Undergrad: 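Okay, handing you the structure first.
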Amino acid sequence: MTGSATPKRVAILTSGGDCAGLNAVIRGTVMYAAQLGWEVYGIEDGTHGLIDRPIRARKLTVDDVGATMLRQGGTILGTTNKGNPFAYPMPDGTTMDISDTIIEGFRELGCEAMIGVGGDGSLAILRRLAQQGGFPLIGIPKTIDNDLGQTEMSIGFDTAVSVATEALDRLQPTAASHDRIMVLEVMGRDAGHIALTAGIAGGADVILIPEIDYTLDKIAAHIRKIRQNGRNFALIVVSEAVKTMGGENLMVSLYGGQQRFGGIGHYIGAEVAHLCQAETRVTVLGHVQRGGQPSAQDRLLAQAFGVHAINLIREGKFDRMVAWSDRKVIDVPIAEAIAHYQSVDPEGSLVMTARGLGICLGD
Ligand code: F6P
C-alpha cells in the first residue's frame, strides 16, 4: 500500500464508561493509519485531555500498539464519563460552557479529523463540538449496554455478556449444592440486552429486564413449579434498571453527587425469599463486566471498526458512525445512531427464544 504524499494526522479519543475492546480499536486505527503513512494522536482521558493546558495527547506508533494491546482491557488513553463540556461543573458548584477550550485544544493538536469512540452520550457531545468547531468527526460505537441505534453490536457488549454468562456458570453449581435461589444483578443502564442475552446463554430460570413489566407473584409461581418438578435451586438474572413493584428505580448515591443504578438484585432476592420461603443469595456483578480481556468477537469488531473509520477519513466521509449490520461493517449518520435508543424489543427473537425455552420473564 502506498503512503499519501502529505501525511494525514488524525486524533482518537475514548469517551464514556470504559469497556473491553477499546485498546483493540485504538490498535486497529494506528495499524492501518501507519500503512498509509498517517500519524495518529491519542487524546488522553476523553475530552479532558483537550481542556488542560498543555493539552494531553501523544503520538501513537505501531510500536505502541503491539498485539498485547488486543488482549488488554480498559483503554490506554483513559476516559471519562463525567463533565459535559457544555455545562461543565466548576468547583464552586456552578456550571460553565468550556466547549471553545476543547475546540481550541483540538486545533492546537493540528489533526485533520477526530475519531471518537463512545456511547450515545459521548457521541452526541463530540458531534456538537465538531459542528461548533467545524472539524471532521467519525464515531465508533462502544458500550456494554448495546443500546446505540443503527448498529447490531457495539464494542464491549460481547465481553460483558460472556462475563455475565460465566457468572451464571459459576453460580449454578453452588446454587444446586445448597438448594438456593441465586440472583445475579447485571449492568445495562436502561436496556436489558446483557440480562437477556446472558440469561439465555447461562440457563437462567427467570430473566427480568426493564422493557418487560413483571410481578413477584409470577416469579414465585415459576419457582414453585420448578420445585414441584423436583429441582430445588434456581437462577434469576435481573437488569440493574428494573424497577421495584412500586415502580421505583433503586439508585445509589456516589461521590460528587452522582447517581447510579443499584439495589434491585437485593430487592428481588429479599422478596423472592419471602414469597418462596427459600434461601436466596445475591451477586451484583458490577464493573467486572467492563474490565478484563476482550472476547474474540469484541477484538474483531474493534479492529474492523478502526480500519473502517480510517477508510471513511480517506474518503472524506464525515459525521458518520461505523456500525455492524448483516455481517458487515457499514457506516451511518451519527445523528441517526444517537437519535434512536435501542432497547430490547419485547417481541424480538431473543425474547421469543427465552419464552420458547420456558424462561420466566416475570410477565
Ligand atoms: O453505560 C455503561 C455502564 O457500565 C452502565 O451499564 C452502568 O449503569 C454505568 O455505566 C456505570 O457507570 P460508572 O462506571 O460511572 O459506575
Side-chain angles (χ1 to χ4, degrees), residues 13-22 25 45-48 73-75 77-84 88-89 116-126 139-149 151 153-165 167 184-199 207-211 237-244 248-268 282-295 298 301-302 321 337-338 340-344:
L13 60 76
T14 50
S15 179
D18 77 325
C19 63
L22 292 177
V25 80
D45 298 331
T47 46
H48 284 194
T75 160
L77 294 176
T79 186
T80 178
N81 62 358
K82 316 191 270 292
N84 176 352
Y88 197 74
V117 190
D120 55 348
S122 299
L123 291 183
I125 288 171
L126 291 174
I140 296 185
K142 68 86 224 169
T143 164
I144 65 163
D145 307 332
N146 210 25
D147 55 1
L148 256 161
T151 182
M153 207 61 114
S154 290
I155 297 165
F157 173 64
D158 185 67
T159 306
V161 168
S162 304
V163 172
T165 304
L184 178 69
E185 179 185 312
V186 297
M187 283 184 165
R189 225 175 34 162
D190 298 313
H193 297 290
I194 297 177
L196 181 61
T197 314
I207 302 173
L208 303 176
I209 57 174
E211 294 86 347
V237 183
V238 55
S239 190
E240 62 180 357
V242 165
K243 294 185 167 67
T244 63
E248 190 194 351
N249 266 134
L250 297 180
M251 309 296 288
V252 285
S253 296
L254 303 167
Y255 174 77
Q258 294 179 78
Q259 292 240 307
R260 291 288 183 271
F261 290 120
I264 192 65
H266 285 284
Y267 167 82
I268 295 288
V282 179
T283 302
V284 179
L285 208 48
H287 294 79
V288 172
Q289 293 156 98
R290 296 219 313 234
Q293 284 200 330
S295 66
D298 273 331
L301 200 65
M321 183 189 84
I338 57 180
H340 170 72
Y341 177 72
Q342 190 159 286
S343 49
V344 171

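Atoms within a ligand are numbered from 1 in the order they appear, just like the ligands themselves. Nothing here was measured: the structure is a model prediction, and the numbers come from that model.
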Undergrad: Would you mind finding which of Asp145, Val252, Ile194 brings a heavy atom closest to atom 1 (O) of ligand 1?
TA: Asp145
Undergrad: Return the minimal non-hydrogen interatomic distance between Pro294 and Ala20, and the atom names on each side.
TA: CA-CB, 3.6 Å
Undergrad: Among all the protein's non-hydrogen atoms, which is closest to atom 12 (O) of ligand 1, and how far away is it?
TA: Arg260 NE, 3.0 Å
Undergrad: Please work out which of Lys142, Glu240, Met187, Lys82 has its closest non-hydrogen atom nearest to atom 8 (O) of ligand 1.
TA: Glu240
Undergrad: Do Asp158 and Thr197 come within less than 4.5 Å of each other through their side chains, counting heavy atoms only?
TA: no
Undergrad: Do any N/O atoms on His287 end up under 3.5 angstrom from N/O atoms on ligand 1?
TA: yes
Undergrad: Heavy atoms only: give me the nearest Arg189-Ala241 pair and the separation to one decimal.
TA: O-CB, 3.0 Å
Undergrad: Would you kindly specify which portion of Asn81 sits under 4.0 Å from ligand 1, judged on non-hydrogen atoms: side chain, backbone, both or neither?
TA: side chain
Undergrad: How far apart are the closest heavy atoms of Cys19 and Ile144, and which atoms are they?
TA: CB-CG2, 3.7 Å
Undergrad: Which atoms of ligand 1 are found less than 4.0 Å from any heavy atom of Arg189?
TA: 6 (O)
Undergrad: Mind listing the closest non-hydrogen atom pair of Ser122 and Gly16 along with its distance?
TA: OG-N, 3.4 Å
Undergrad: Heavy-atom distances under 4.0 Å decide this one: backbone, side chain, both or neither, for Arg290 against ligand 1?
TA: side chain
Undergrad: Which residue is it: Ile194, Ile207, Val238, Leu196? I am looking for the one with a side-chain contact (heavy atoms from CB on, under 4.5 Å) to Val186.
TA: Ile194
Undergrad: Would you check the N or O atoms of Phe261, main chain and side chain alike, for any that come under 3.5 Å of an N or O of ligand 1?
TA: no
